[in-house]
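Chain letters run A, B, ... following the sequence lines, proteins first and then strands; every chain starts at 1.
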Amino acid sequence: MAIDLHKYANPRRFLAITSAIYPWSLALTVILLAAGLYTGLFVAPPDYQQGETVRIMFVHVPAAWMGLMIYTFMAVASAVGLIWKHPVADLSAKAAAPIGACFTFLSLVTGSLWGEPMWGTWWVWDARLTSMLILLFLYLGYIALWQSFDDPSKASKAAAILALVGVINVPIIKFSVDWWNTLHQPASVATMSGPKIYSSILTPLLIMGLAYTAFFVTLLIIRVRAEILARRLRILQLSELQER
Amino acid sequence: MNEIATFFDMGGYAWYVWPSYAISAVVLVALVISSRRRLKLVERALESMEAKRPARPQRKAPAAHAEKEMS
């Protein structure tokens with residue numbers, strides 16, 4: 001037979017493990033989202049400075065966290081794919097990219113909706129906002145690079161290199177509020193001296209962060225499965241052509 | 001009733017708070033729908049591909065005949 005079954009050994013195990021995790025991560029996503037939205041919209045008090053607009057934070061900050069976390073995940077997966085030729089690593093990075101792009105887009109849009117009433121402007125070209133926009137372009141470039149090659153092994157290599165070069169942007173985003181003058185407020189959760197916000201506001205924020213993380217895991221399982229099956233389909237189609 | 005109105009008014013910031021939640025919901029739901037649709041499409045294509053596979057030995061039948069004749 002033209003098809004090397006050994007190639008499937010690893011993705012097979014991956015599919016088995018992830019389909020066992022899937023119902024749990026799905027349930028966790030639903031529960032955490034419900035808890036996060038309830039505490040964020042009904043329990044958390046309005047901020048003493050920002051009033052009710054502080055509730056935008058519960059969808060803005062977790063989206064930005066996910067944008068950074070998913071990009072870091074993609075860079076690690078790309079490195080694993082490049083170095084060890086792990087068959088699922090490249091596909092995981094590819095499957096994660098649109099999720100990260102959506103979260104980054106959402107952090108920019110919700111940030112804009114928060115900036116207008118609080119800063120008096122939808123957008124400023126400052127370090128935090130600009131580096132976040134670059135992150136969105138990195139995601140879009142990564143997705144475009146995958147689509148611009150006919151040969152998936154070439155595409156995965158080119159995309160992996162872009163992901164690894166672009167990862168330099170991640171610490172720039174994180175520390176942009178400390179390194180440059182900016183309208184954006186400095187870090188108030190992940191600081192050296194611990195969170196600087198009240199637990200009534202911190203709790204919904206962390207729950208929403210976990211909810212978005214569970215959402216990412218659930219969606220990633222669906223998308224990686226689609227990628228693995230699509231590659232299997234492609235190999236079958238190729239071998240069919242060869243045997244004709 | 002009044003309480004509900006106050007809740008939706010969001011201290012006068014309704015036009016900033018609710019669109020933030022709405023666009024987040026729309027984008028994330030759209031992402032779920034498109035991801036699931038892609039998986040369904042690939043699964044279906046793979047199923048029909050694998051359903052065709054048992055037909056393959058038949059195509060190789062002439063070779064099998066040749067072997068029999070040899071023995």
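Within the 4.5 Å cutoff, the side chain of Val17(B) has no heavy atoms near those of the Trp114(A) side chain. No side-chain heavy atom of Arg223(A) sits under 4.5 Å from any side-chain heavy atom of Arg36(B). The side-chain heavy atoms of Ile56(A) and Tyr13(B), taken from C-beta on, include no pair separated by under 4.5 Å. The shortest distance between side-chain heavy atoms of Leu233(A) and Glu43(B) does not fall below 4.5 Å. Within the 4.5 Å cutoff, side-chain heavy atoms of Tyr212(A) are placed close to those of Ser24(B).
If you measure heavy-atom distances from Leu106(A) to chain B, the contacts under 4.5 Å come from the side chain alone. The part of Leu219(A) that comes within reach of chain B is its side chain, from C-beta onward, which places non-hydrogen atoms under 4.5 angstrom from that chain. Neither the backbone nor the side chain of Leu41(B) has a heavy atom closer than 4.5 Å to any heavy atom of chain A. Proximity to chain A (any heavy atom under 4.5 Å) is restricted, for Trp18(B), to the side chain, taken from C-beta onward.
Close placement of the Phe7(B) and Phe42(A) rings is indicated, their centers lying within 6.0 Å of each other.
Across Leu113(A), Leu37(A), Thr110(A), a single residue satisfies side chain to side chain contact (heavy atoms under 4.5 Å, CB included) together with Tyr21(B), and that is Leu37(A).
The shortest heavy-atom contact between Leu229(A) and Leu39(B) is CD1-CD1, 4.1 Å. For Leu31(B) against Pro98(A), the heavy-atom pair with the smallest separation is CD1-O, 4.3 Å.
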